[in-house]
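Keep in mind that this is a model prediction, so the values were computed, not measured. Whatever order the structure lists them in is the order used to number ligands and atoms, beginning at 1. Values below: all heavy atoms of this structure, side chains included; hydrogens, waters and symmetry mates excluded.
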Amino acid sequence: MAKIEWYDEFIDLKHQPKKDEIVVLYYYEPDEGISKKEAVGRVASESSVGTWTTLAKLPKRVQKLKALGYRMKGNYAWVSYPADLWEPGSVPQLMSGIGGNIYGMKAVKNLRMLDVHFPKSYLRNFKGPEFGINGIRKIMKRKKGPLTATVPKPKIGFSSLEHAQVGYEVWRGGIDLIKDDENLTSLKFNKFEDRIKLMSRYRDKAEMETGDKKSALLNITGETKEMIKRARLLYEYGWEYAMVDVVTAGFAGVQTIRDECHDLKLAIHAHRAMHAMFDKNPKHGMTMLALAKLMRLIGVDQIHTGTAVGKLVGTKSEIKNIVDEMRERKIKERNTELLDQDWDNIKPVLPVSSGGLHPGIVPDIIKMFGTDLVIQGGGGVLGHPKGAYSGAKAFTQAINAAMKHITLEEYAKKHPELSDALKKWGRIKPR
Ligand code: CAP
Ligand code: MG
């Protein structure tokens, strides 16, 4: 009987990836009755040119387009993908390959994309960040040390005016950026246009009073044409950033906004809401590292990377890997966690640590991830017993103490707002 399957042609343990090949590191678990080689062969086949059976007609070029499982170690597989498989500059098409049908295959019980190596030839089709870390520091006039951000809480419920007034109190208290919450876009009691107009007035007032640069991360997320309209409105009101929920806006939406923000010279703040739908299960989906690399490729300037000590998922080592991958030019292979990556001319991205942070655990963030990042506190500022202004002061006092290597308790002796925060939260790690 003629051979009906050809998955074994997608394994070649002697293959060395060519320098223009994309490489994906997968964790996988074969289904019952499927060998590891059969599973990896299926992953490489279905994510490149294959299907479940041999085919009657096969153009000659297909041989050169086959992905190859070239290394297997335990439940880890390295698959290389020939350059001509990929449309230059299209993340949607890339993900339809390496993140597509293979996830639905019965032969593979669990599959997790751990990391993707992008060759320089592939990077050259993308803009990468418009500003990068140095550019963001220039915009915010902050040569070194963390930037700070606060989300007016409750997430949703303030009118545009109330939102702007809370923002003003927090700016006055020393916070740099006022960030819209991920699900705050344009609502009947807080329309996007009203919010950005009022926020611009209070920003000017806060800058005048403090003498410091103030800005906001205003959420343009929505249908793509609407996002373009909102980005243009931000530009008209002199804002420097556009915030996008990159997962719900989709890879195509983020690429469109990246092009628009190039023209408007707007920095992009990437919120990652919905990422945990596919990156939380350690056996299946894709890592936040892989998602963050796609966003650096497309060109966001800041991206949420987690806290390790706050309320949301992410271990210290996972977050450290992501932070390194966002900030560094070159990354060395780290056993089955990281592939080597040379980002060439793609600028670095500023990590954003957020989610359950309050003054009592801010020093942990600086100790773990350094000071080249944004530290964001929503409830940890607005939940301060003396209100928004004192909450902002307490948050920035905690950062100043950490930067001066003074304990919070010592610093609180002369900073009542920090003392009040420590009385309420101590060093709790919220869940
Ligand atoms: C934080 C936050 C952010 C999370 C997102 C929230 O508020 O505004 O969206 O940080 O998670 O809605 O939870 P709090 P991540 O400071 O009050 O927790 O940063 O992990 O993407
Ligand atoms: Mg939020």
message = For the backbone of Ser160 and the side chain of Asp194, can you confirm whether one donor and one acceptor N or O come within less than 3.5 Å of each other?
response = no
query = Does the ring of Tyr389 carry Arg172 above it, NZ/CZ under 6.0 angstrom from centre and within 45° of its axis?
reply = yes
Salt bridge present between Glu193 and Lys229 (N-O < 4.0 angstrom) = no
request  = Return a yes/no value for Gly377: is any of its N or O atoms, backbone included, closer than 3.5 angstrom to an N or O of ligand 1?
outcome  = no
ask   = What protein N, O or S atoms come within a distance below 2.8 Å of the Mg ion (ligand 2), ordered by chain and number?
value = Asp181 OD1, Glu182 OE1
ask   = Can you find an N or O of Gly355 that's nearer than 3.5 Å to an N or O of ligand 1?
value = yes
Top protein contact for atom 13 (O) of ligand 1, by heavy-atom distance = Lys311 NZ, 2.6 Å
message = What protein heavy atom lies closest to atom 4 (C) of ligand 1? Include the residue and the distance to one decimal.
response = Ser354 OG, 3.6 Å
key: Nearest-neighbour protein heavy atom for atom 18 (O) of ligand 1, which is reported as residue plus atom name and distance   = Gly356 N, 2.7 Å
query = Are any of the side-chain nitrogens in Lys213 or Glu240 under 4.0 Å away from the carboxylate oxygens of its partner?
reply = yes
inquiry  = Among all the protein's non-hydrogen atoms, which is closest to atom 11 (O) of ligand 1, and how far away is it?
reply    = Leu312 CD1, 3.0 Å
ask   = Is the closest N or O pair between His275 and ligand 1 shorter than 3.5 Å?
value = no
inquiry  = Please verify the inter-ring angle class for Tyr202 with Tyr168; under 30° counts as parallel, over 60° as perpendicular, anything in between as tilted.
reply    = tilted
query = Of all the non-hydrogen atoms in the protein, which one sits nearest to atom 5 (C) of ligand 1, and at what distance?
reply = His271 NE2, 3.5 Å
ask   = Of the backbone atoms (N, CA, C, O) and the side-chain heavy atoms from C-beta on, which set of Val352 has a member under 4.0 Å from an atom of ligand 1: side chain, backbone, both, or neither?
value = neither
task = Compute the centroid of each ring, for His284 and then for Tyr103, and state whether the two points are separated by less than 6.0 Å.
result = yes
request  = Enumerate the atoms of ligand 1 whose separation from the nearest heavy atom of Val151 is less than 4.0 angstrom.
outcome  = 8 (O)
message = Quick test: of every protein heavy atom, which one is nearest to atom 17 (O) of ligand 1, and how far off is it to 0.1 Å?
response = Gly379 N, 2.7 Å
Cationic N near anionic O, under 4.0 Å, Glu417 to Lys386 = no
request  = Verify, without hydrogens or angle tests, whether Glu21 (side chain) and Lys18 (backbone) share a donor-acceptor contact under 3.5 angstrom.
outcome  = yes
task = Output all residues satisfying side-chain hydrogen bond (donor to acceptor under 3.5 Å, both in side chains) with Arg195, sequence neighbours left out; order by chain, then residue number.
result = Asp180, Asn190
Those atoms of ligand 1 less than 4.0 Å from some heavy atom in His304 = 15 (P), 19 (O), 21 (O)
query = Counting only heavy atoms not in Lys155, do more than 12 fall under 6.0 Å of its NZ?
reply = yes
Atom indices of ligand 1 within 4.0 angstrom of Gly378 heavy atoms, with elements = 14 (P), 16 (O), 17 (O)
remark   = Taking only non-hydrogen atoms of Arg272 and a 4.0 Å limit, the atoms of ligand 1 in range are 15 (P), 20 (O), 21 (O)
request  = Give a yes or no on whether Lys153 atom NZ has more than 12 heavy-atom contacts from other residues, nucleotides or ligands under 6.0 Å away.
outcome  = yes
query = Taking atom types as modelled and ignoring hydrogens, do the side chains of Glu260 and Tyr235 form a donor-acceptor contact shorter than 3.5 angstrom?
reply = no
request  = Identify the protein heavy atom lying closest to atom 12 (O) of ligand 1, giving its residue, its atom name and the separation to 0.1 Å.
outcome  = Lys155 NZ, 2.4 Å
key: Side-chain (Asp31) to main-chain (Lys109) donor-acceptor, under 3.5 angstrom   = no
remark   = Per ring pair (Phe, Tyr, Trp, His ring centres under 6.0 Å), Trp86 is matched among Phe126, Tyr122, Tyr81 by Tyr81
query = Can you tell me the protein heavy atom closest to atom 2 (C) of ligand 1 and the distance?
reply = Lys153 NZ, 3.6 Å
